[in-house]
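Only one structure is covered here, and it is reproduced in the block below.
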Amino acid sequence: MGWVAAVRMEGPELKEWHVLEGKARFAYEPGLLALREGPLLEAAFRGLSQWPELLMVNATGRDHPRKAGLAVHLGVVLGVPTLGVTRSPLCAEGSLPSNERGSRSPLFYEGQCVAYWVRTKTGVAPLVVHPGWRVEAEEAVRIVLSWTRRYRTPEPLRQARKKARQARSSHLLRVERELG
DNA sequence: GCGACAG
DNA sequence: ATCTTGTCGC
């Protein structure tokens, strides 16, 4: 089972959210995340009453064996500009950026710069920022930096993760109670 | 054959 | 992703 949340934010304000539970199609396999979990993420997004101008996804973009990570898939299917944020690259390689918040360094795959390491917090491990659907790399980096300050993770992803984990936690508690 | 490997 | 242990800073 999987729990997915989509949140819509305006600045620091959490405007709305939609959480849902569903089944993953098969075991996790690097390179097939869109097939495994894409439908769940799509459904979560479509549950929002008002669509945001941009979607931030916890997934890669062109850093993918077929240059089409989940962030790209969702942009195409939903018709919304997307960018991806991950803890590490899938295929791409590149040296780490300097220690200060705001520093970045390119990640290459098959001779192309497909993403950037971005230091969102001084002295803390950097994140990977992926241009997705109709969002340029420079713009993606600027946007991710604008949504971070106190924490390493961009606020929309923090909020969505929190909602999904709350839903999973209450589900597990309910099951536990039913079984005694 | 072994390690790597978005989440 | 999950799990465990330890450290640092407000």
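Order of the sequence lines fixes the chain letters, A, B, ..., with proteins taken first and strands second; residue numbering starts at 1 for each chain. Predicted model, so just to flag it, every value in this text is computed and none were measured.
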Earlier contact from the 5' end, DNA chain C, for N58(A) and R150(A): N58(A)
Sugar-phosphate only, base, or nothing, as touched by G31(A) at under 4.0 Å among non-hydrogen atoms: base
Y116(A) OH to dA6(B) C1', in whole Å, measures 20 Å
Taking any heavy-atom pair under 4.0 Å as a contact, classify L127(A): base, sugar-phosphate, or nothing. nothing
Whole-Å distance, H73(A) NE2 to dG7(B) C1', equals 14 Å
Say we look at dT2(C) and dC5(B): how far apart would their C1' atoms be, to the nearest angstrom? 15 Å
Taking the side chain of T60(A) as heavy atoms from C-beta outward, which of dA6(B), dG7(B), dA1(C) is closest to it? dA6(B)
OP1 or OP2 of dA1(C) under 4.0 Å from side-chain N/O of R87(A): no
Just the rounded figure in Å: distance from P of dG7(B) to CG of D63(A). 10 Å
Rounded to whole Å, CG of L40(A) lies from P of dA6(B) at a distance of 19 Å
Considering only the C1' atoms, how many Å lie between dT5(C) and dC2(B), rounded to the nearest integer? 28 Å
For E155(A) and R149(A), run salt bridge (charged side-chain N to carboxylate O under 4.0 Å, His left out): C-alpha distance rounded to whole Å, both residues' side-chain angles, the deciding distance at 0.1 Å, then the answer. CA-CA 9 Å; E155(A) 209 53 30; R149(A) 181 62 69 178; over 6 Å; no
Between dG1(B) and dG6(C), how far apart are the C1' atoms? Round to whole Å, please. 36 Å
Check the pair R134(A), E136(A) against salt bridge (charged side-chain N to carboxylate O under 4.0 Å, His left out), reporting the backbone distance first and the verdict last. CA-CA 7 Å; R134(A) 295 178 178 172; E136(A) 305 288 306; over 6 Å; no
Is the aromatic ring of Y28(A) within stacking range of dA1(C), meaning centres under 5.5 angstrom and planes under 30 degrees? no
Between P on dA6(B) and CE on M56(A), what's the gap in Å once rounded to a whole number? 20 Å
Ion pair E138(A)/R142(A), N-O distance below 4.0 Å: no
Is it the case that atom CZ in R66(A) sees more than 12 heavy atoms from other parts of the structure closer than 6.0 Å? yes
Rounded to the nearest Å, what distance is computed from the NE2 atom of residue H64(A) to the P atom of nucleotide dA6(B)? 11 Å
Could R158(A) and Y151(A) be counted as a cation-pi pair, given that NZ or CZ must be under 6.0 Å from the ring centre and within 45° of the axis? yes
Would the number of heavy atoms belonging to other residues, nucleotides or ligands and lying under 6.0 Å from CZ of R46(A) be above 12? yes
As a test of reading the structure: which of dT2(C), dA6(B), dG7(B) is closest to the side chain of R168(A), going by heavy atoms? dT2(C)
Answer with base, sugar-phosphate or nothing: what part of the nucleic acid does R62(A) contact at a heavy-atom distance below 4.0 Å? nothing
To the nearest Å, give me how far apart OH (Y109(A)) and P (dC5(B)) are. 13 Å
Interatomic distance, L35(A) CG vs dG7(B) P [rounded to whole Å]: 17 Å
Picking from dA6(B), dA1(C), dC5(B), which would you name as closest to the side chain of T86(A)? dA6(B)
Please give the distance between the C1' atoms of dA4(B) and dA1(C) as a whole number of Å. 16 Å
